[in-house]
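Heads up: the structure comes next, in structure tokens.
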Number of protein chains: 2
Amino acid sequence: MSLKHVILTLIHQAPSTGYEINKSFEQKIGYFWHASHQQVYQELAKLKKTEMLTCEHKPQTDKPDKKIYSITVKGRDELRKWLHQSLPEKKYKDILLVRLLSADLLPLDKLCEQIQKAAEFEQHRLDEFLHIQKQCYSDEQKKYLSALDKRLFINMRKGILLAEAELAWAKEALETLQN
Amino acid sequence: MSLKHVILTLIHQAPSTGYEINKSFEQKIGYFWHASHQQVYQELAKLKKTEMLTCEHKPQTDKPDKKIYSITVKGRDELRKWLHQSLPEKKYKDILLVRLLSADLLPLDKLCEQIQKAAEFEQHRLDEFLHIQKQCYSDEQKKYLSALDKRLFINMRKGILLAEAELAWAKEALETLQN
DNA sequence: TACTGTTATGCAATTATATGCATAAGGAAC
DNA sequence: GTTCCTTATGCATATAATTGCATAACAGTA
């Protein structure tokens, strides 16, 4: 439903290869959308078949050949249409919360360990975001952000706020469990 | 991967029918795990076939017949095994953040409308949680929580903290966009 | 020279989810 | 009396996502 549009969004920003799109998913985009490389290549093939994208073949001598995809008018129309649709309901999936429900089969210390580990992961995420914030968005820089940079800033802020909430929860949860 | 274990968790707590499990997903469980009724019935059939669950058929005269599922020893072992596995990485999917990236195809006012709508949904969620918190977890009551109630409390707290973070983000985002 | 990592693509098979439709009986509302 | 809601189950099909495997050339390193 949406991976299609995520990819269209990326290629709309700039023509790209599957490899580059995969890199985006591994790096920045990965914080708010997850996709494997197989999924990406399959989706690109589908988008080409339905004429949302065109593909230019770029042979290379030293490295494997590239396929550079560009968005078509049809693709841009589809993207615009999707952007105007109302947001589908969020589908929450939080394994840790499920595990809490059957913790009588999981010793308290093991459970706390899992919460601890999840917290460390979030801390790592948060640190990365905070680093970006420091580097790219000083109070001075924030005054003169372009429209695009504003949007990137907002996205990063969500990463920060959610990671902080996760961390606050983990702390509280550990205290309550071990009280 | 996990729906299986979510269902095992629920039936481990108490033998249930597919209908009851679906109710759980629509209500409380829905806040941290989403599943449709078709998915649930199919998964129950699979779990029965693989002998994780047994099924007792309860004919009823006034209403459609029930199938009451109970967890088997094999099912409980499977659940315990899963509980001890380390958590898989979270797979983030946030459509709103994707949409922010291609906002040049979406007028600012429409974008803000979508953020506003998402915020209203979160506010509704938050209100429900806060209501539960007020009803069930007064300062006095919190002192004497059973192990299970503690876990339920922790889950609810996550709902509250995350919803608050979403709301804080939405407010900030709207301010930045409209500055 | 063999191993590891990066660039670059993909197929095949399976599993997980979603979409649409179907049945059936009781009760409440209009 | 017909329409809608709740209880209770499910099938068939379609789409999305994961898992495992495969290819290939170069570059660095041990």
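Below, read A as the first sequence line, B as the second, and so on, with proteins coming before strands; counting in each chain starts at 1. Every heavy atom of this structure was used, including side-chain atoms; hydrogens, water molecules and symmetry mates were not.
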(message) I want to check one thing: is the phosphate of D:dA8, taken as OP1 and OP2, less than 4.0 Å away from some side-chain N or O of B:Lys23?
(response) no
(request) Respond yes when some side-chain nitrogen or oxygen of A:Tyr41 is under 4.0 Å from OP1 or OP2 of C:dG10, and no when none is. (result) no
Show which side-chain atoms of residues 15-29 of chain A pair as donor or acceptor with protein atoms under 3.5 Å away, not counting sequence neighbours.
| residue | atom | partner | partner atom | Å |
| --- | --- | --- | --- | --- |
| A:Ser16 | OG | A:Ala14 | O | 2.7 |
| A:Thr17 | OG1 | A:Tyr19 | N | 3.4 |
| A:Thr17 | OG1 | A:Glu20 | N | 3.1 |
| A:Glu20 | OE1 | A:Thr17 | N | 3.0 |
| A:Asn22 | ND2 | A:Gly18 | O | 3.1 |
| A:Lys23 | NZ | A:Glu26 | OE1 | 3.3 |
| A:Ser24 | OG | A:Glu20 | O | 3.3 |

(request) Let me know the distance between CD of A:Glu26 and C1' of C:dT6, rounded to the nearest Å. (result) 11 Å
(request) Output the distance between atom CG (B:Leu161) and atom CE (B:Met156), rounded to the nearest 0.5 Å. (result) 9.0 Å
(request) Quick one: pull up NZ in B:Lys93 and NZ in A:Lys91 and give me the separation to the nearest 0.5 Å. (result) 10.5 Å
(message) Output the rounded distance in Å from CG (A:Asp65) to P (D:dA25).
(response) 11 Å
(request) Let me know, please, whether B:Gln39 or A:Glu20 comes out on the 5' side of the other along DNA chain C by nearest nucleotide. (result) A:Glu20
(request) Identify which nucleotide among C:dT9, D:dT6, D:dA17 has an atom closest to any side-chain atom of B:Tyr19, counting heavy atoms from C-beta outward. (result) D:dT6
(message) Checking side-chain polar atoms at under 3.5 Å, does A:Asp127 have a donor or acceptor matched by the opposite partner on A:Gln123?
(response) yes
(request) Could you check how far CG of A:Leu47 sits from C1' of D:dT15, rounded to whole Å? (result) 14 Å
(request) Measure from NZ on A:Lys58 to P on C:dT7 and round the result to the nearest Å. (result) 18 Å
(request) Check whether any side-chain nitrogen or oxygen of A:Lys46 sits under 4.0 Å from OP1 or OP2 of D:dA16, and answer yes or no. (result) yes
(message) Once you apply a heavy-atom cut-off of 4.0 Å, does B:Asn22 come out as touching a base, just sugar-phosphate, or nothing?
(response) nothing
(message) Does B:His57 reach a base, just sugar-phosphate, or nothing at all? Heavy atoms under 4.0 Å.
(response) nothing
(request) Provide, to the nearest angstrom, the distance between the CD1 atom belonging to B:Ile21 and the P atom belonging to D:dA8. (result) 13 Å
(request) Check every atom of D:dA17, C:dA8, D:dT18 against the side chain of A:Lys66 and return the nucleotide holding the closest atom. (result) C:dA8
(message) Check the phosphate of D:dA17 against B:Lys93, side-chain N and O only, distance under 4.0 Å to OP1 or OP2. Yes or no?
(response) yes
(request) Hey, could you give me the OG1/CD1 distance between B:Thr54 and B:Ile11, rounded to the nearest 0.5 Å? (result) 9.0 Å
(request) Please state how far atom NE2 in A:His34 lies from atom P in D:dA17, giving the value in whole angstrom units. (result) 10 Å
Check: protein-nucleotides 19-28 of chain C nitrogen or oxygen pairs below 3.5 Å:
| residue | atom | partner | partner atom | Å |
| --- | --- | --- | --- | --- |
| C:dG20 | O6 | B:Gln38 | NE2 | 3.1 |

(message) Could you check whether A:Tyr137 and A:Arg157, counting side-chain N and O atoms only, form a donor-acceptor pair closer than 3.5 Å?
(response) no
(request) Under the side chain to side chain contact (heavy atoms under 4.5 Å, CB included) rule, what do A:Ile115 and A:Leu177 come out as? Steps first, then yes or no, please. (result) CA-CA 11 Å; A:Ile115 295 174; A:Leu177 285 171; 3.7 Å; yes
